[in-house]
S.K.: 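Dropping the structure in here first, questions after.
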Amino acid sequence: MENFVKPQFFSFLREEAAAAVQRYSPHHKFMAHSGFGNQFAESTSSSADDVQDPEVSDSESSVVGSVHEERSSGLMRIDEGDKIYGIISNKFLSGLGCFGLSTEITAIHKETCSSFIKQAKLQSFLIFSKAVEKKCGGNANVKYAWFGASKDEINNIFSHGFSHPSNNGAYSQAICLSPDDNSHDCLQAAVPDKNGVRHLLLCRVILGKTEVVHPGSGQCHPSSEEYDTGVDNLSSPRKYIVWSTHMNSYVFPEFMVSFRVSSDAKESQRNTVPVQNPKSPWITFPALISALSKFLPPQTVKLITKYHNDHKGRKITRRDLIQQVRKLAGDELLTAIIKSCKNKQSKGSTGNSSSTSSINFEQRDGRCCACHKSC
C-alpha cells in the first residue's frame, strides 16, 4: 500500500502545475484565445501574475497598478481608468443589445487567487486545459463566457465553486454559459440584490471539442470520448454547455461585473406598445409545436408541450412560456418557422380569436424579441 502512490507522483504534479502557470498565464495565451482578442492580452501583460507565490500568506493583500484588493472577498476592484475595465465594460454593454444604453456598470472585480486553495483551483484548471489541449491536437479551445446568478450564489461560487447544475429544465445535468459577445442571455439569471444591483461572472471555459446538445434530451455527459463539452449550435453558439462532472474543472470564474438596468428599460419591453393584432410574423403555439416536432428531438418537443400546458393551466406566465420556448428551440429556428407562415397568414382569415395562444418575434438590434402580440 505504501508504494501505491509514490512521492514522485506529487512532485510531478507540482512541476506540471508550475509549468502550466508559466505557459498559460492569464496575461497572454488564454486572453488571446478568448473573444476579447489580443487587446485584452496586451492590457494584462503589464500587470503582475495572477497566481501569487505560495509563500504569500492568505491574509496578505497587494496592490497591482490601479487595482485594489478587497481582503474580505479575495477579489480586486478594478479601477475605471484601467484598460481591462474598459475592454470588459465595452464587451459587456455591447452584448446587451438595446439594454446596453440603459445599463450602468457599478463595479468590476477580479479574482486574485490569493489563498492557497484558490491557487490550487487555478492550477487545476490550467492542468486540465493542458490535458484537453493534448487530447485535441494542440488547441484546448478556451473561451471567455458569461454566467448569471444572484450575488449570494456568485459569492458561493468564488468561495466553493459551482455546487449544482443550471436549473432551467433544458440542460438539467450541466451549467450553461453565454459567449462573451452575448451577455444579454444572462440577464434573467442575474437576480438583483437588495440594492437593485445585478451581477454576472466572466469565466474562462475549456470547451475542447464541442458537440450539439439538444435541450431536454436528458444528456448528462459527452456522447463519446471524442467530445468534451456541448453547444446549442456549432456555427454560432449562444450557449456553452459544461457537464456537471466537469463544471469545477473546466470553468474558472475570473471577473464579476456588477450593474444596474434602469426600470424604464425593463418595463419598455412589456408596455411600450398597446395590444393589437401582430404586424410581424406570428403563429399559434399548437402550430408552432407541430412545426418544431419536425426539427427537434421528441424529448424537447415534449418539454415545450409541457410548458404550453402549464401556461394554459395558469401555472406559468405567458412571458415565462415564451422564454422557455426560446431557450429550448433557439431564436434562429423559431424565427425561420414563424416567418415561413407569413404568406399563409396573408391568404387566411384575419379574425383570429384574442384568446388563441400565439407567439411572434421581431428582429431588433440583431436579436429576436418575443412579446404578447407585437413589438
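Just so we're clear, the structure is a prediction, and the values are computed from it rather than from any experiment.
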S.K.: Hey, are the side chains of Tyr144 and Cys203 touching, using non-hydrogen atoms and a 4.5 Å cut-off?
M.R.: no
S.K.: Quick check: do Val205 and Val142 have side-chain heavy atoms less than 4.5 Å from each other?
M.R.: no
S.K.: Evaluate Ile206 against Asn141 for side chain to side chain contact (heavy atoms under 4.5 Å, CB included), listing each step before the verdict.
M.R.: CA-CA 6 Å; Ile206 303 170; Asn141 195 17; over 6 Å; no
S.K.: Quick check against the 3.5 Å criterion: does Thr305 have a side-chain atom that pairs as donor or acceptor with the backbone of Val301?
M.R.: yes
S.K.: Parallel, tilted or perpendicular, judged at 30° and 60°: which one describes the rings of His184 and Phe99?
M.R.: tilted
S.K.: Looking at Phe162, is its backbone amide N or carbonyl O close enough to the side chain of Asn248 to form a donor-acceptor pair, meaning the two atoms are under 3.5 Å apart?
M.R.: yes
S.K.: What pair of heavy atoms forms the shortest contact from Pro222 to Tyr227, and how long is it?
M.R.: CB-O, 3.4 Å
S.K.: Is Ile304 linked to Phe295 within one hydrophobic cluster, defined over Ile, Leu, Val, Met, Phe, Trp and Tyr using a side-chain heavy-atom separation of less than 4.5 Å?
M.R.: yes
S.K.: Which distance, rounded to the nearest 0.5 Å, do you find between the NZ of Lys151 and the CZ of Arg198?
M.R.: 14.5 Å
S.K.: Check whether any side-chain heavy atom of Lys306 lies under 4.5 Å from a side-chain heavy atom of Lys302, and answer yes or no.
M.R.: no
S.K.: Can you give me the closest heavy-atom contact between Glu211 and Gln219, atom names plus distance?
M.R.: OE2-NE2, 3.3 Å
S.K.: A side-chain contact here means heavy atoms from C-beta on lying under 4.5 Å apart; do Asp79 and Tyr85 qualify?
M.R.: no
S.K.: Taking all atoms of both residues into account, what is the closest heavy-atom pair of Val213 and Gly230, and its distance?
M.R.: CG2-CA, 3.8 Å
S.K.: Is Val132 close to Asp228 at the side-chain level, that is, under 4.5 Å between some pair of heavy atoms?
M.R.: yes
S.K.: Minimum heavy-atom separation for Ala189 and Gly148, please, with both atom names.
M.R.: CB-O, 3.4 Å
S.K.: Run the side chain to side chain contact (heavy atoms under 4.5 Å, CB included) check on Leu334 and Arg326 step by step: do they pass?
M.R.: CA-CA 7 Å; Leu334 286 170; Arg326 293 180 69 179; 3.9 Å; yes
S.K.: How many angstroms lie between atom CG of Leu177 and atom CG of Leu207, to the nearest 0.5 angstrom?
M.R.: 9.0 Å
S.K.: Would you check, one step at a time, whether the test side-chain hydrogen bond (donor to acceptor under 3.5 Å, both in side chains) holds for Ser258 with His199?
M.R.: CA-CA 4 Å; Ser258 304; His199 310 273; 2.8 Å; yes
S.K.: Please check this pair: side chain of Lys135 against backbone of Glu226, looking for a donor-acceptor N/O pair closer than 3.5 Å.
M.R.: yes
S.K.: Should the pair Phe252 and Phe125 be assigned to parallel (<30°), tilted (30 to 60°) or perpendicular (>60°) ring geometry?
M.R.: tilted
S.K.: Could you walk me through whether Asp180 and Lys91 pass the salt bridge (Lys or Arg N to Asp or Glu O under 4.0 Å) test, one step at a time?
M.R.: CA-CA 7 Å; Asp180 58 36; Lys91 197 72 173 179; 3.8 Å; yes
S.K.: For residues Leu200 and Ala190, report the shortest heavy-atom separation together with the two atoms involved.
M.R.: CD2-CB, 3.8 Å
S.K.: When you compare the side chain of Asp193 with that of Ser150, does any pair of heavy atoms fall below 4.5 Å?
M.R.: no
S.K.: Treating Ser244 as the side-chain partner and Ala174 as the backbone partner, does any N or O pair qualify as donor plus acceptor under 3.5 Å?
M.R.: no
S.K.: Whether the side chain of Asp232 engages the backbone of Lys239 through a donor-acceptor N/O pair (distance < 3.5 Å, no angle test) should be reported.
M.R.: yes
S.K.: Just so I know, are the side chains of Tyr240 and Ile175 near enough to count as touching, which here means a heavy-atom distance under 4.5 Å?
M.R.: no
S.K.: Rounded to the nearest 0.5 Å, what's the gap from CD1 on Ile88 to CG on Leu93? Could you check?
M.R.: 11.5 Å
S.K.: Please check this pair: side chain of Asn182 against backbone of Ser178, looking for a donor-acceptor N/O pair closer than 3.5 Å.
M.R.: no
S.K.: How far apart are the closest heavy atoms of Gly95 and Ser183, and which atoms are they?
M.R.: C-OG, 3.3 Å
S.K.: For Arg238 and Asp185: C-alpha separation, side-chain torsions, deciding distance, then whether salt bridge (Lys or Arg N to Asp or Glu O under 4.0 Å) applies.
M.R.: CA-CA 8 Å; Arg238 294 177 68 89; Asp185 282 4; 2.9 Å; yes
S.K.: If you measure from CG on Leu122 to CG on Leu126, what distance do you get to the nearest 0.5 Å?
M.R.: 4.5 Å
S.K.: How many angstroms lie between atom CZ of Arg77 and atom OG1 of Thr106, to the nearest 0.5 angstrom?
M.R.: 7.0 Å
S.K.: With side chain to side chain contact (heavy atoms under 4.5 Å, CB included) as the criterion, how do Leu333 and Leu292 come out once you've worked through the C-alpha distance, each side chain's angles and the decisive distance to 0.1 Å?
M.R.: CA-CA 8 Å; Leu333 176 58; Leu292 288 173; 3.7 Å; yes
S.K.: Any non-hydrogen side-chain atom of Phe92 less than 4.5 Å from a side-chain atom of Trp146?
M.R.: yes
S.K.: What is the distance from atom NZ of Lys121 to atom CD of Glu111, rounded to the nearest 0.5 Å?
M.R.: 8.5 Å
S.K.: Please walk me through it: do Phe259 and Val197 pass side chain to side chain contact (heavy atoms under 4.5 Å, CB included)?
M.R.: CA-CA 6 Å; Phe259 61 98; Val197 179; 5.9 Å; no
